[in-house]
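The structure appears right after this line, and notes come after that.
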Amino acid sequence: MSVSKAKKPMTLESILPKIVLAPTTAVMLVCMYGFMIWTGALSFTKSRMLPQWDFVGFDQYAKLFSNPRWDVALNNLVVFGVLFIAVSLLLGLFLAILLDQKIRLEGTLRTIYLYPMAVSFVVTGTAWKWILNPGLGLEKLVRDLGFENFEFRWLVEQDMAIYTIVIAAVWQSSGFVMAMFLAGLRGVDDSLIKAAEIDGASKMKAYWYVILPILRPVFFSAIVILSHIAIKSFDLVQALTGGGPGYASDLPANFMYTYAFNRAQMGVGASSAMIMLMGVLAIIVPYLYSELRGGKNGR
Amino acid sequence: MGSLLIDNVTKSFGETNILKGINIDIQDGEFLILVGPSGCGKSTLMNIIAGLEDATSGTLELAGKDVTLASPKDRDIAMVFQSYALYPTMNVARNISFGLEMRKVPKEERDRIVDEVAKLLQIDHLLDRKPSQLSGGQRQRVAMGRALARSPRVFLFDEPLSNLDAKLRVEMRTEIKKLHKRLGTTIVYVTHDQIEAMTLADRIAVMKDGIVQQLGTPDEIYNNPANMFVAGFMGSPPMNFIEVEVEDGQAIVESAGETHPLKLPCAEAIAAKGLNRVVLGIRPEMITEPKPAPEDQDWLHSMSLDFDVVEPMGADTMAIGQWNGVDIHSRLSPKAGMTAGKGTEIQVNTAKAVAFDIQTGERIC
Amino acid sequence: MVANRSFNIGRLFIYACLAAFALFYLAPLYVMLTTSFKDIEEIRSGNLLALPQDPTLYAWIKAWSSACTGSECQGLAPFFMNSVKIVVPAVIISTVIGALNGYVLSKWRFRGSDLMFGMLLFGCFIPFQVILLPMARLLAELGLANTVTGLVLVHVIYGVAFTTLFFRNFYVSVPTELVKAAQLDGASFFQIFRHIFLPVSLPIFTVTIIWQFTQIWNDFLFGVVYSGPGTQPITVALNNLVNTSMGGKEYNVDMAAAVIAALPTLLVYIFAGKYFVRGLTAGAVKG
Ligand SMILES: Nc1ncnc2c1ncn2[C@@H]1O[C@H](COP(=O)(O)OP(=O)(O)OP(=O)(O)O)[C@@H](O)[C@H]1O
Ligand SMILES: [Mg+2]
């Protein structure tokens, strides 16, 4: 090969695509990845009110993990995460299967199940705060029905407040899980169920052995999305319990916000944010990896 | 003014070399057809000619001007795609005139050209429709109309008819041929269809693995293939290949249990190379029922052949037997009324038989 | 017919379940609405599910124009306007940028553009807590702390990842031959976008705009961190309103305020639910 490649003259037209993409690329590098690194660096300093760059190694992390409030927040995340994901999945799947039985008014019902997704977590929190209100809400309703001694005060009980968050979050997100499963079910060939029924399986068994395995990717996606929502949950807690009573229903995001912005403890705030990032990475990286690889094989 | 010179063009995507030095000199007004197996780089070459992709090396001259680095819109080349690529949101008229619009041709002029092209292609009643409201054949016409409207110097057709059904394909083939006669514009045309290639082309370039195996008229390609690949690629059913011993300038074949020496047209060349085994290449139409031949009787051989399968195809009948243990196809006249069976009397004409080097596959003569 | 009866009982069970859950999902909306039309006396004496005896607009008027959100008592009206001022430019800018980015990333790929897309995709997932502190710092440096402009900027920056993803995935399905044909027809980069891509983009614009609108209108985190008194979006104001207890809790006002805050996105959902759901699936499953 003796012929060398002639360089194409650089015209405006030929570099337009790069020019168009450049601002986003620059901003993304700075405001996503740069900031991530900045926060990471900050978590190794003793910054409080203002960033200062005296590196103190893992001191802030040590402080963080010896902080009982962080401990509570992490515990809450586990409780909240597991319940929220499990209940939303079961409920969403249940509703999707029911809706898949050639239901009249399916469109209306879908609209009803899904509308909470359009509402902000702050509104959801406000509404449930009123419904679960110990004096005048659900408790009074049941008492008025004649159960004089009925008690329902989760909202103000240390041990139970986190469950009210589960209720409100499930109310808001399960419809979405329903929509995902329904879309999945619609993709499944109808004749599969018929074939299974002809083979002598009951409808239940047909779903259990034939359909659910096919829906595995949907489970996978739903779990990833729900855990992502769980880790980032912030507004709902803020609106529903304010993290209270005390800090009994704090989640990591609320902890981070409180320490970074209300208590002027930047170092601790930054280290808690980094832990949250690690949590998300642990879920997202394998997911993205399999998605991208799957996509390549699929196409 | 549409001569096109492709000079030592190569193309690699990353590490893989797709085109490995293509040289084709296309005359003004010529109809050149590119054929070759899937993935051999035909579309890539078309894209390079159009300027949609840059060649890795080599040059491209259009009407004597170097256009290697010119952008597509400065080349004045139009292309018809296999998928037609009609703009889905524009109606037929706008699809045809879009290129003129982009080149700032005034409105009245555009309307006039659209009209003219539409009449020519008989799509004037479809001008207001969207592509989605057209049949496959109509889309094909619109795609051609779009290319015609600009009166470009060169037309590129990348498998333009392969999405049509067989009947339409034949119709459109004839129309394209007429169009070329009428306009006289240079055409480079990719196809998988041999009949298309044989009937349309002034010259055919047979490609394989990014290399032009042979460039020649349909007749040359068919009768004087450069190698076994070209010989096997053109013709349906393809040329029969039989490995044979050569003795005294004659190929020895074994048929129905007897051996027959066949006279070869190129005994000297084989002898000059000192070969005693070659691949004999003989087209199916050279193996027929016994019939009087006006040619030199020297090339005619009679023998009997065991037909395993006989397939009537209407105009002629294909029959399959064996020589040297290898399947060979023969093309018989249906009138001969042949059926499968042993010891059928046939006639072999070796006047156009060819021989290939066993090692390289190149034709010896 | 036995088979038919068991069939009917099964169907009945299905419909009963579906109806029960419909009630569960509707209950909070019902409670919000009924409570907002009651006066405080009736709230104390009556129960959660009762219809208002004597509907009044008192709570709505107060929530809109005079309820206290912290130290100020101007109702939600000014904050509703703040949200509008944040949402409109942020949605428009992020959508336009996303459309152009998506166009390049799908049809004008170059060395490194796939990497860039991968990094952007990944950015959709990061918890915003990691960027809160430095972003606050940057806004302060730019003099945009506690301003509407600052919030617009933040929403654009972190929204572009999604809008780009939406458009890219949509434009990938537009045949590349169209771009080639248009190039041969002499159309330039922007002409191809304008004449070939824009006309087919209505659905994806709808999906993206609705998605962005819902996301930004409902945002609380950026709002609470980067706004100051007077520039707070409605979600923050609602939260303040609910948590300001001057002179006794007025649940009816809280509920009216909550409905006001939810109304725009609810209306969008009701009138363009199909596109909303499409956005949800596109935004969630793939990003
Ligand atoms: N952008 C690209 N990047 C990498 N490889 C490519 C690219 N475009 C084409 N190729 C490869 O180049 C080779 C030639 O492709 P091309 O489309 O030119 O084949 P073709 O001869 O037109 O085949 P067909 O008859 O199927 O249309 C193929 O192996 C293809 O995979
Ligand atoms: Mg091709």
Side-chain angles (χ1 to χ4, degrees), chain A residues 13 16-18 20-21 24-25 27-28 31-32 35-36 38-39 42 95 98 101 103 109 111-123 126-128 130-131 136-138 140-141 144 175-176 179 221 225 228 231-232 234-235 238-239 253 256 260-261 266 269-270 273 276-277 280 284, chain C residues 14 17-18 21-22 25-26 28 31-32 35 43-44 47-49 97 100-101 104 108 110 113 116 119-120 122-123 125-127 129-135 157 160 164 188-189 214 218 220-221 225 235 238-239 242-243 251 254-255 258 261-262 265-266 268-269 273 276-277 280-281 284-285:
Chain A
E13 184 76 16
L16 263 183
K18 291 176 192 173
V20 166
L21 222 46
T24 307
T25 311
V27 169
M28 171 190 83
C31 295
M32 282 180 187
F35 283 7
M36 237 188 270
W38 199 89
T39 303
L42 201 66
L95 291 176
L98 291 193
Q101 308 303 316
I103 295 298
L109 285 169
T111 310
I112 291 173
Y113 295 162
L114 203 56
Y115 88 89
M117 249 346 241
V119 167
S120 72
F121 273 116
V122 180
V123 170
T126 307
W128 283 95
W130 160 230
I131 295 172
L136 298 168
L138 203 58
K140 182 158 185 294
L141 179 72
D144 286 354
F176 175 50
S221 306
I225 293 160
H228 192 229
I231 294 177
K232 284 165 103 173
F234 168 71
D235 348 12
Q238 216 69 15
M256 187 273 164
F261 295 99
M266 271 197 190
M276 291 179 65
L277 176 66
V280 170
I284 293 306
Chain C
I14 291 175
C17 277
L18 289 171
F21 277 104
Y25 287 107
L26 283 175
V31 169
M32 276 199 277
T35 306
I43 291 175
R44 293 240 169 71
N47 81 38
L48 207 56
L49 295 179
I97 296 178
L100 285 171
N101 285 347
V104 171
W108 297 89
F110 50 86
S113 67
M116 139 88 189
M119 290 178 75
L120 202 61
F122 185 74
F125 286 105
I126 60 169
Q129 278 73 20
V130 221
I131 51 88
L132 282 182
L133 285 164
M135 194 46 154
I157 291 176
V160 159
T164 302
S188 66
F189 176 82
T214 322
N218 287 344
F220 179 74
L221 181 63
V225 175
T235 45
L238 170 65
N239 192 45
V242 172
N243 291 318
Y251 292 110
D254 290 358
M255 290 306 112
T265 49
L266 270 184
V268 166
Y269 175 67
F276 176 80
V277 177
L280 271 183
T281 14
V285 180

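So you know, we letter chains A, B, ... as the sequences are listed, proteins then strands, and number each from 1. Everything numeric here is computed off the predicted structure, so don't read it as measured data.
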Original post:
Can you find a pair of side-chain heavy atoms, one from A:Phe261 and one from C:Leu132, that are under 4.5 Å apart?
Top reply: yes
Subject >> Options C:Asn101, C:Val225, C:Thr214, ranked by heavy-atom pairs under 4.5 Å with chain A, top entry >> reply: C:Asn101
**OP:** Check each atom of A:Met256 against the heavy atoms of chain C and say whether the ones under 4.5 Å are side chain, backbone, both or neither.
**Re:** side chain
**OP:** Would you mind checking which part of A:Ile284 comes under 4.5 Å of any heavy atom in chain C, side chain (CB onward), backbone (N, CA, C, O), both or neither?
**Re:** side chain
Original post:
Under the ring-ring contact (aromatic ring centres under 6.0 Å, His included) test, which residues partner C:Phe122, sequence neighbours left out?
Top reply: none
Subject >> A:Tyr113 ring center within less than 6.0 Å of C:Phe21 ring center >> reply: no
Original post:
Which bit of C:Tyr251 comes within less than 4.5 Å of chain A, counting heavy atoms only: side chain, backbone, both or neither?
Top reply: side chain
Original post:
Which residue out of A:Leu138, A:Ile112, A:Leu42 racks up the most heavy-atom pairs below 4.5 Å with chain C?
Top reply: A:Ile112
**OP:** Name the option with the most non-hydrogen atom pairs under 4.5 Å to chain C; the candidates are A:Ala273, A:Gly175, A:Ala118, A:Pro116.
**Re:** A:Ala118
Original post:
Between C:Gln129 and A:Ala253, which heavy-atom pair has the shortest distance, and what is it?
Top reply: NE2-CB, 3.3 Å
Original post:
Nearest heavy-atom pair of C:Ile14 and A:Gln101: which atoms, and what distance?
Top reply: CD1-CG, 3.9 Å
**OP:** Supply the atom-to-atom distance A:Met32 CE to C:Leu120 CG, rounded to the nearest 0.5 angstrom.
**Re:** 5.5 Å
**OP:** Select one option (side chain, backbone, both, neither) describing which atoms of C:Met116 are under 4.5 Å from chain A's heavy atoms.
**Re:** both
**OP:** Sort C:Val130 into side chain, backbone, both or neither according to what part of it lies under 4.5 angstrom from a heavy atom of chain A.
**Re:** both
Original post:
Between C:Val160, C:Thr164, C:Leu266, which residue shows the highest count of heavy-atom pairs closer than 4.5 Å to chain A?
Top reply: C:Leu266
Original post:
A:Lys232 and C:Phe125: which non-hydrogen atoms are nearest, and at how many Å?
Top reply: NZ-O, 4.4 Å
Original post:
What part of A:Leu109 gets closer than 4.5 Å to chain C, counting heavy atoms only: side chain, backbone, both or neither?
Top reply: side chain
Subject >> Region of A:Val119 that comes under 4.5 Å of a non-hydrogen atom in chain C >> reply: both
Original post:
Please walk me through it: do A:Trp130 and C:Asp254 pass side-chain contact (heavy atoms from CB on, under 4.5 Å)?
Top reply: CA-CA 9 Å; A:Trp130 160 230; C:Asp254 290 358; over 6 Å; no
Subject >> C:Ile126/A:Phe35 under side-chain contact (heavy atoms from CB on, under 4.5 Å): CA gap, chis, key distance, verdict >> reply: CA-CA 11 Å; C:Ile126 60 169; A:Phe35 283 7; over 6 Å; no
**OP:** Flag the one option from C:Leu100, C:Leu49, C:Asn47 with the top tally of heavy-atom pairs under 4.5 Å to chain A.
**Re:** C:Asn47
Subject >> Portion of C:Leu133 that has a non-hydrogen atom of chain A nearer than 4.5 angstrom >> reply: both
Subject >> Which atoms of A:Met28 approach chain C - backbone, side chain, both or neither, heavy atom under 4.5 Å >> reply: side chain
**OP:** Go through the steps for C:Met255 and A:Thr126 under the test side-chain contact (heavy atoms from CB on, under 4.5 Å), then give the verdict.
**Re:** CA-CA 8 Å; C:Met255 290 306 112; A:Thr126 307; 4.0 Å; yes
Original post:
C:Thr235 versus chain A, heavy atoms under 4.5 Å apart: side chain, backbone, both or neither?
Top reply: both
**OP:** Enter the distance from A:Asp235:CG to C:Leu238:CG here, rounded to the nearest 0.5 Å.
**Re:** 11.5 Å
Original post:
Where on A:Tyr115 is there a heavy atom nearer than 4.5 Å to chain C: the side chain, the backbone, both, or neither?
Top reply: both
Subject >> Euclidean distance, C:Ile131 CD1 relative to A:Leu277 CG, rounded to 0.5 Å >> reply: 11.5 Å
**OP:** Among the options C:Thr35, C:Ile43, C:Val268, pick out the one with the most heavy-atom pairs lying under 4.5 Å from chain A.
**Re:** C:Thr35
Original post:
If you take all heavy atoms of C:Ala258 and A:Val123, which pair is closest and at what distance?
Top reply: O-CG2, 3.6 Å
Subject >> Worked check of side-chain contact (heavy atoms from CB on, under 4.5 Å) between C:Tyr269 and A:Met117 >> reply: CA-CA 9 Å; C:Tyr269 175 67; A:Met117 249 346 241; over 6 Å; no
Subject >> Contacting region of A:Val20 [heavy-atom separation from chain C under 4.5 Å] >> reply: both
**OP:** Examine whether an atom of C:Met135 lies under 4.5 Å from a heavy atom of chain A, and if so say whether it belongs to the side chain, the backbone or both; otherwise answer neither.
**Re:** both
Subject >> Nearest atoms (heavy-atom pairs only) where C:Pro28 meets A:Ile131 >> reply: CA-CD1, 3.7 Å
Subject >> Residue pair A:Ala239 / C:Asn239: nearest heavy atoms and the distance that separates them >> reply: CA-OD1, 3.5 Å
